[in-house]
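Treat the numbers as computed from the prediction; the structure is a model and nothing was measured. Every chain is numbered from 1 and lettered A, B, ... according to where its sequence line falls, protein lines coming before strand lines.
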Number of protein chains: 2
Amino acid sequence: MHDYKVKEVPAIERLPKRQRHQQLSKLIEENPFITDRELTRLLKVSIQTIRLDRLELAIPELRERLKLMAERSYDSVRSLPLHEVIGDIVDLQLDRSGISMFEIMHEHVFSRTGIARGHHVFAQANSLAVAVIDDEIALTATADIRFIRSVKLGEKCIAKAYVRSISGEKSKAKVEVFTYVGEEMVFQGNFVIYRSAGEHIDEGGIERADRH
Amino acid sequence: MHDYKVKEVPAIERLPKRQRHQQLSKLIEENPFITDRELTRLLKVSIQTIRLDRLELAIPELRERLKLMAERSYDSVRSLPLHEVIGDIVDLQLDRSGISMFEIMHEHVFSRTGIARGHHVFAQANSLAVAVIDDEIALTATADIRFIRSVKLGEKCIAKAYVRSISGEKSKAKVEVFTYVGEEMVFQGNFVIYRSAGEHIDEGGIERADRH
DNA sequence: TACTGATTTAGTACCAGGTTATAATAGCTG
DNA sequence: CAGCTATTATAACCTGGTACTAAATCAGTA
């Protein structure tokens, strides 16, 4: 039984499936939270096809994907129940103070000078200022910042944030952040952070917020 | 109907449940990957009790926990774009003005609210402010910024930078940046940018911070 | 034309890890 | 004893799948 014949012909019109596979991979990579059912809508094929595709491409099911992501992050996370932060939080006292560490890598510097781009240093400080606020929603309102000296490739930035006032205005908090490399202060910022002040914003998304 | 009488009595022997709650919280915090069934083994109570406990303590089920963790990590993994200018420069007149465009994507927002993280909006403005300075080295010295309204997923931010002063101080330039979504101003910042001003700042041997 | 084989769709049974609701039981306590 | 809480049991249902079988569709080719 001469089984082969597909190989001999260049198989020009075998594209549709390949294309779909590419699209599928891309879609899932872009949004790992997508279900097969949602994918059927996007790719216009049956759910079985989606599943066969995932099987062929060795893409695990939604739950496995989320579990893998959770595991990966769990390893590197020091059990903060928190928001997203640039830099590693090494200490955090909500509504009081916080410390994060951020090492300047290649991708953070101007390649020609090895000097860190300002917004990375800012991002560390900003996300720490947001993280230290103990509230459901915290957004930066204003910031007054000073880059005291430039930070270079390989340096470790230690940012220390202090919540200065929660008084009076309930919906705003003032946070001071100082970033050091060693003993030396390299950045200083005064942030005003909007906070939800105990209000509950329900997006119908993930949480089940109400439940009583 | 006075619902409370537990309060009146010191409730000395109400401990077992409280204790279990404490243990439960701790166990789940230590290992968020644990299932209810495994918890029954550890706490020696029925699975219903575990679930009632989680209900009371507002601890979501395993899958929700993993999803939350995955979301947190997914957000932070995609921190800041690593390269050069953030946003697309659509117009640039060195030492005068510049315009860049930056679309807020999934990776720029808090997943729960769809609101962009401040440092991305800042990053666009900052990198534009640096780009507009016609010098070998340009670094942010200070910035005074205001987030006028929050920017949301899908919105296109148009940042316009104007170089306000090169006078007097040769080594500093003042740059104003306004960021708009449509007609609406969403961010405003005053940047002071250090520039090499013909002088040669020897940083790691190479010059020119940016551009191209 | 009929056969072959890949692809796609459909349908069923089953699973984990739950939620929701309802009821029964145990244990104390006034 | 009634009345209460806490616990356990039972059953129906849900999501987002896996595993398997089978049928339908299309393309090529002998």
Using a cutoff of under 3.5 Å, can you pull out all pairs of nitrogen or oxygen atoms linking the protein to nucleotides 17-19 of chain D, with atom names and distances?
| from | atom 1 | to | atom 2 | distance (Å) |
| --- | --- | --- | --- | --- |
| D:dG17 | OP1 | A:L62 | N | 2.8 |
| D:dG17 | OP2 | A:D36 | N | 3.0 |
| D:dG17 | O5' | A:D36 | OD2 | 3.4 |
| D:dT18 | OP1 | A:R54 | NH1 | 3.2 |
| D:dT18 | OP1 | A:R54 | NH2 | 3.4 |
| D:dT18 | OP2 | A:R54 | NH2 | 3.0 |

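Taking the six-membered ring for Trp and the full ring otherwise, the centers of B:F122 and B:F191 sit less than 6.0 Å from each other.
Between the P atom of C:dG18 and the CD atom of B:Q48 lies a distance of 13 Å, rounded to the nearest Å. What separates NZ of B:K17 from C1' of D:dT5 is a distance of 8 Å, to the nearest Å. Per the geometry, CD belonging to A:E56 stands 12 Å off P belonging to C:dA6, to the nearest Å. For the pair B:F33 CZ and C:dG18 C1', the interatomic distance rounds to 18 Å; values are reported in whole Å. The distance between atom CD1 of B:I50 and atom P of C:dT19, rounded to the nearest whole Å, is 12 Å. At whole-Å resolution of the value, NZ in A:K67 and P in D:dG16 are 18 Å apart. The separation between A:L66 atom CG and C:dG17 atom P is 15 Å, rounded to whole Å. We find that CD1 of B:I47 is positioned 13 Å from C1' of D:dT10, with the value rounded to whole Å.
With sequence neighbours left out, the side chain to side chain contact (heavy atoms under 4.5 Å, CB included) criterion links B:T142 to A:R146, B:V192. Considering only residues two or more places apart in sequence or on other chains, B:E38 meets the salt bridge (Lys or Arg N to Asp or Glu O under 4.0 Å) condition with none of them.
The phosphate of D:dT8 has OP1 or OP2 within less than 4.0 Å of a side-chain N or O from B:S46.
Counting only distance, with no hydrogens or angles, the side chain of B:Q124 and the backbone of B:C157 share a donor-acceptor pair below 3.5 Å.
Contact annotation for B:L52: base contact, defined as any heavy-atom pair under 4.0 Å involving a base atom.
Partner B:D36 forms a side-chain contact (heavy atoms from CB on, under 4.5 Å) with one of B:L62, B:T49, B:I47, B:D53 and no other, that one being B:I47.
Considering every non-hydrogen atom in both A:R164 and A:F178, the closest pair reads NH2-CE1, 4.4 Å.
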